[in-house]
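Numbers restart at 1 for each chain; the letters A, B, ... are given by sequence-line order, proteins then strands. From a predicted model like this one, the values you see are computed outputs, not experimental measurements.
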Amino acid sequence: MIELEPSYDHKLYEKKWYRHSLEHKFFSASVDASKTPYTILMPPPNVTSQLHMGHGLGYSIQDLFVRWKRMKGFNACWLPGTDHAGIATQMMVEKDLEREGTTRRAMGREKFFQRLVDWKEKYGGMILDQFKTMGFSCDWDKLAYTMDPKLSEAVRYVFVELYREGLIYRGERLVNWDTVLQTAISDDEVESQEIQGILYYYRYPIEGTDQFIPIATTRPETMLGDTAVAVNPEDERFKQLIGKQVRLPFTNRLIPIIADDYVKSEFGTGAVKITPAHDPNDFEIGKRHKLPFINVMTDTGTMAENTPTPFQGLDRFVARKEVIKQMKALGLFDEEKSYKTTVPHSERSKTIIEPRLSQQWFVSMKQLAEPAAEAARQGELQFHPESWKKTYLYWLDNIQDWCISRQLWWGHRIPIWYCKDCEGISTGIEDPTQCEHCQSKNIRQDEDVLDTWFSSWLWPLSPFGWPNEGTSSKQLEYFNPTDVLVTAPEIIFLWVARMVMVNLKFKQRLPFKHVYFNATVCDKQGRKFSKTLGNGIDPLEVVELHGADAVRFTAISLAPLGGRVRMEKEDFENGSRFVNKIWNASRLVFQHLEPNQTLPSLKGLQLSLAEKWLLNRLREATEKVDRHLEGYRVNDAVEELHHFIWGAFCDWGLECAKSDLALPAGHKDKERALSVLVYVLDGALRLAHPVMPFVTEELWQKMPKHPDWGDRPESICIAAFPQAGLMPAYEDEAKQWKTIQDIVSGIRSVRSQMGLPPRQELPVHIRIDEALASTVTQAEEWIKRLAKADKVVSGPEVVRPGQSLSAVGKGFEVYLPVQGLIDVEKEQKRLSTEEQRLQKILSGILGKLNNASFVERAPEDVLEQTRVQKANMEEQLSAIRQNLKALAD
RNA sequence: GGGGUCAUAGCUCAGUUGGUUAGAGCGAUCGCCUCACACGCGAUAGGUCGAUGGUUCGAAUCCAUUUGACCCCACCA
């Protein structure tokens, strides 16, 4: 026999088989024209991040796809890598410095950068080892990192190309300024949050009169940079004031009252203070009316030198209170109202964004966005679920230019040099040594670095050696376009859309055809897993407890396409139980096998009905799993797997085989039964492998080879995935078997409901329609075993023995003679309940058939079906009634 | 303000073009330590498919209205 431990211990096998796969390079793909590539780009996690359940789910799905396709013979490549994550990583190191009592500025740029490099070396990439624990079959030979020299060259190339084409430009714009991180961030890194704010009302004196103009604002501190007051041109209250001037308190500047349609008379006071350097709308108005732009804040959000005392140097929120206090002192303050408003916050530092006027680099997006939108419109680029297409298109159709410069030190430095003599700008793939305009050597590089996404968007290109191995390197032409991108809907703009744009721009084709959005992981209350809430589940902890297979299976089975998945730790017990079930089912089969035992082929064997049903069921499961995976319905695929292995293979297949297994070794019936079981188990393990790589590998390796599965490679991960079309089909037998299952269930139900001791064996009489009579005769042994019968009498002429319990089904009645044991009243009650249930169904059917327009208009097959049902119900009902009558006698 | 998703058993969700008696897992209840597995086996209960109206011979499914929950986008000071 083949020995297996009484229960599955993941710790014994997971590391072993992962190492095995790595040693044999099963996960590595190289360019091979004879094989079709199947490529998935792993969304690169931040190099310093830790594995969380979001990764656990998303990457388990990717691994499922990759392993599945690899088994189907594709040259599967799952490209792993990490992202340098400029802001996030710099923040972590700056926090360390703070603890040490220093700052990056005190340290200097070069030292600070080195510190980050060291830090990444030491702590970075931990997440990659965690991926190995999960069993992810990445092509580690291709491991990439966005700051790798190779990938950095691609960043440089793309920047230079786009700059020379005029698609990258420098401009003074109002940008989202993060006062904590002291950098600009892009629109997509800003999140609006509703906060309870205050709307302040105060007045500005109108020059040359004793009148005032009332103002309402939520940000009084910006008044120091006001350069106008605007009203709606149609507003009767203020019409006569247009063109007059206001004496701005504290600064004593004279600013004009202007008219602009933007102003809504009904809001606030109907007059708006205009601060073009600190508000996006005011910025536009400022441009329209050629107003001055006065920046009154520093990088850190304090009031700048150009502001008067007592405001100068105050933090913006302190200054806000101070302005109000001073306005009160001047008697210009009216009132304040509490006011709910949405305010932009920095995604990273969580601080309130300060719109700030500054010089930044931008990518002009319109031209890039159009083809990307078109690809989705034409259906060339597909989203799963499809509803995201609208979101994607909306963003592309309303695209804004992308601010790519960051005032950080961690990242790719912008490859731009300014000439101190002619003020010209130079760039190049190589660092220039002199100004490309005046040849002066007096040049200095731009201080800023690029947005991290400016390197991430090249993920479909740069890891494959593009462009430094030529803009159509062999690898790139082979693996790009990739097949499916599995990612979170949150980064559809930040990442997905941009990859599409840049791939289309530089390769004139899509980076991938399918985008699968996986569910957001939430707790049972529906709250997103987050560090601050501490409601997350640590996948490593759960892996330690239940094993990677259990975690993968559970995560995938819980996750519907898109949407959200609610999970708690206890859910993983499900997966754990399933893994254990597979283990124990194998244990039963293995008990009767010798290692390397030679098994007969199924061809030429006289299979039993139950065996044919089981084989047919495997075929059906194979077809379903495959179809669900093709349709990106991963949880359905996994559910079918569970259904088949547990509900079909274990509950019926193995139970039926037990009598044959009990035969002595070498008996031909036992050999036959084993051949079927090993064949089916082998198929089941192959089907399950993409979800549960380790337990399936361990069992598969121990199991003897079955001739009908062909050659056996060194690992199940490269064994052929089952193909329904190549498997034996027994559809008629499967239908017949359904009746046997109904009979067994009927008997069990009667026994259980009537409280008959489970161990007590009873004779069973079965009245069966002529058509299935021989089937039931054949199945008597199974009925005995499965329904605890000591004797089975069956046939079309069987009649109700006196004093018996009964059950009826489609085409049969079963009787359990139980002289003396019968509780007549209980049995009567049970039968009448059943009678009522069937009567209700029959009434519904009759209702339909008596409806003239149903008979007239319903299609023939539906009508026929209904008639068959009617006959069936009537038959069953009459049988029950007879039994009730017999009981009463 | 615009767009999107969802509402089905106590819980989490299936239900793919409208058509047998609306399913599964978990939980609950009852009975079983049956020689692979108590991480197990067998059985049972539980739903007027959010509400209203419409289309249809027929609606959980399609349409309209409505209630509630969530997500994304958006510059009303």
Query raised in the report: What salt bridge (Lys or Arg N to Asp or Glu O under 4.0 Å) pairs are there with at least one residue in residues 644-656 of chain A, not counting sequence neighbours?
Result: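 Qualifying pairs: A/Glu655-A/Lys658.
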
Taking the minimum atom-to-atom distance to the side chain of [X], which one of [options] wins?
{"X": "A/Ser749", "options": "B/A43, B/C13, B/A77", "result": "B/A43"}
{"X": "A/Tyr262", "options": "B/G25, B/C75, B/A36", "result": "B/C75"}
{"X": "A/Asn584", "options": "B/C76, B/A36, B/G25", "result": "B/A36"}
{"X": "A/Pro859", "options": "B/G31, B/A77, B/G19", "result": "B/G19"}

Requested in this report: Before accepting this row, confirm whether a basic side-chain N of the pair A/Asp282/A/Lys273 lies closer than 4.0 Å to the acidic partner's carboxylate O.
Outcome: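 Here A/Asp282 does not pair with A/Lys273 in a salt bridge, since their nearest N and O are not under 4.0 Å apart.
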
Return no unless some side-chain N or O of [X] is found under 4.0 Å from OP1 or OP2 of [N].
{"X": "A/Arg577", "N": "B/G40", "result": "yes"}
{"X": "A/Lys658", "N": "B/A36", "result": "yes"}
{"X": "A/Lys581", "N": "B/C37", "result": "no"}
{"X": "A/Thr391", "N": "B/U5", "result": "no"}
{"X": "A/Tyr339", "N": "B/C76", "result": "no"}
{"X": "A/Thr341", "N": "B/C76", "result": "no"}
{"X": "A/Arg633", "N": "B/G15", "result": "yes"}
{"X": "A/Ser752", "N": "B/C30", "result": "no"}
{"X": "A/Trp646", "N": "B/A36", "result": "no"}
{"X": "A/Arg219", "N": "B/A77", "result": "no"}
{"X": "A/Gln753", "N": "B/C30", "result": "no"}

Requested in this report: Taking the side chain as every heavy atom from C-beta outward, state whether A/Pro664 and A/Lys670 have any pair of such atoms under 4.5 Å apart.
Outcome: no

Applying the Watson-Crick and G-U wobble criteria at under 3.5 Å, what pairs with [N]? Answer none if nothing qualifies.
{"N": "B/U34", "answer": "none"}
{"N": "B/U48", "answer": "none"}
{"N": "B/U5", "answer": "B/A69"}

Query raised in the report: Under the 3.5 angstrom rule, does the side chain of A/Asp260 hit a backbone N or O of A/Val263 as a donor-acceptor pair?
Result: no

Query raised in the report: On the ring face of A/Trp652, is A/Arg748 found with NZ or CZ under 6.0 Å from the centre and within 45° of the axis?
Result: yes

Requested in this report: Check the distance between B/A38's C1' and A/Asn580's CG and give it to me in whole angstrom.
Outcome: 11 Å

Requested in this report: Pick the P atom in B/C75 and in B/G23, then give their distance to the nearest Å.
Outcome: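 One P to the other, the span is 49 Å.
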
